[in-house]
Amino acid sequence: EKGGWPSFMAKEISEEPEAVANTVLGRTRDGQVVIPELEGLDDLFRGISRIVIVGAGTAAYSAFVGKYAIEQWARIPVEVELAHEFRYRSPLVGPDVLVVSISQSGETMDTLMAVKEATRLGAKTLSICNTQGATIPRESDAVVYLHAGPEVAVASTKAFVAQITGLYLFALHLGRVRGTVPAEVQAESIDELNTLPEKIRWILENEQEHIEQLAHWMADTRSVLFLGRHVGYPIALEGALKLKEISYIHAEGFAAGELKHGPIALVEPGLPVFVVVPSPSGAPELHSKVVSNIQEIRARGARVIAIAEAGDAAVLPFADEVLRIPLAEPLFEPILAVVPLHIFAMGLANAKGLDVDQPRNLAKSVTVE
Ligand code: F6R
């Protein structure tokens, strides 16, 4: 069922555009986001004072991205917590808190136990899940299904972009109900969501070969760093996780602002560092901060691989490689910036001759605590 693709991972990365498009489908009405499954919950959404999102691994990174969107649009405080940490620290949640769980499989035991604990404490629970009828959605008060389609490769790729998309739709739905998102922001955001699939396709068509070539050259690399700021920070974490998982290379993701507080000591000549660069026009302040971070690591000999908006010339003097992504509003950029990182992790594992679909020591769904 790989349909001619060399691996499920390759097939699933190629399906990232559809994963986003299908998740948005049927969830907009007259220029507003309306998630039909959530109609009838308006009173609940108006009454809550806080949201806690729980998940594990890649799903938790999507939650970190979602936090920015929910806080910006729905103006409600969001905490993100690893499900297994939430479960065992006697969390302060009650009836005024909505606990959102995020899971591709819907069977992750750590996440399921967090949901059960939230219910026991009187919180309402919402599951954002890719697998119809799985245990976590069945144990939750409400569910929003993602429509990424079945994901077979152990490393999550298309589900990740669908998870961010699902969280953004939820944020816009919540913002509409709570009256915090002006109609024009709803409309513009829907336009952005609708253009993401073709932008992802642009990356696949124009950058995939370049990235795979780069991965091939880097097959002997021992260690790689990933840096990002704001919504680029969880993307750096995701890039590092994916590389560890399938290519067994030591990789770390950091918030770029944290560099000088420690991690910069790791930088030595030749160390490859991926940097997620914010949009120069959309987020000029963040952009210039990240460009100075690039200069700092470059001065210490790092090999900088920048993921930057097409047309961003400021990175050119300092980057050894530039992987281009199309223009998008800053909040939407993570869905594009992660695509080169997924391709890179797969390319490197392939270059090392590894089984990208079945990495050692890992299972597709982790049904033990
Ligand atoms: C990473 C990966 C894992 C899962 C995590 C949660 O590529 O696949 O980190 O994201 O085990 O799984 P779900 O989303 O099924 O709860």
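Each ligand, and each atom within it, is numbered from 1 in the order the structure gives. Treat the numbers as computed from the prediction; the structure is a model and nothing was measured. We use all heavy atoms of the structure for the numbers below, so side chains are in, but hydrogens, waters and symmetry mates are not.
- Taking the charged nitrogens against the carboxylate oxygens, Glu12 and Lys2 have no contact shorter than 4.0 Å, which rules out a salt bridge.
- Less than 4.0 angstrom separates some heavy atom of Lys242 from each of these atoms of ligand 1: 1 (C), 7 (O).
- For Lys364, no heavy-atom contact with ligand 1 is shorter than 4.0 Å.
- Of all protein heavy atoms, the one closest to atom 15 (O) of ligand 1 is Ser105 OG, 2.7 Å.
- Electrostatic pairing of Glu81 and Arg89 counts as a salt bridge here, judged by a charged N lying under 4.0 Å from a carboxylate O.
- The 12-atom threshold is not exceeded at CG of Leu92, counting heavy atoms of other residues, nucleotides or ligands nearer than 6.0 Å.
- When each of Gln104, Gln163, His342, Glu151 is paired with Ser156, the side chain to side chain donor-acceptor pair (under 3.5 Å) condition holds for Glu151 and for no other.
- Using a 4.0 Å cutoff on heavy atoms, Ala155 counts as a contact of ligand 1.
- Around the NZ atom of Lys124, the shell of radius 6.0 Å holds no more than 12 heavy atoms that belong to other residues, nucleotides or ligands.
- In terms of heavy-atom proximity, Val356 sits nearest to Ile246 at O-CG2, 3.7 Å.
- Closest heavy-atom approach to atom 11 (O) of ligand 1 within the set Ile128, Val366, Val154: this belongs to Val366.
- Below 4.0 Å from some heavy atom of Glu245 lie the following atoms of ligand 1, by number and element: 1 (C), 2 (C), 7 (O), 8 (O).
- For the ligand labelled ligand 1, residue Leu362 lies outside the 4.0 Å heavy-atom shell.
- Near Ala59, meaning under 4.0 Å from one of its heavy atoms, ligand 1 places the atoms 10 (O), 14 (O).
- Within a 6.0 Å radius of CD in Glu209, other residues, nucleotides and ligands contribute 12 heavy atoms or fewer.
- Contacts between Thr108 and ligand 1 below 4.0 angstrom, taking non-hydrogen atoms only, involve the side chain exclusively.
- For ligand 1, the atoms sitting less than 4.0 Å from at least one non-hydrogen atom of Gly57 are 9 (O), numbered in the order shown with element in parentheses.
- Closest protein heavy atom to atom 3 (C) of ligand 1: Thr58 N, 4.1 Å.
- Heavy atoms of Glu107 found under 4.0 angstrom from ligand 1: none, in either backbone or side chain.
- Other residues, nucleotides and ligands contribute over 12 non-hydrogen atoms within 6.0 Å of the CD atom of Glu39.
- Scanning all protein heavy atoms for the shortest distance to atom 6 (C) of ligand 1 gives Ala56 O, 3.3 Å.
- At least one N or O atom of Gln104, backbone or side chain, sits closer than 3.5 Å to an N or O atom of ligand 1.
- Taking the six-membered ring for Trp and thresholds of 30 and 60 degrees, Trp73 and Tyr168 have ring planes more than 60 degrees apart, a perpendicular arrangement.
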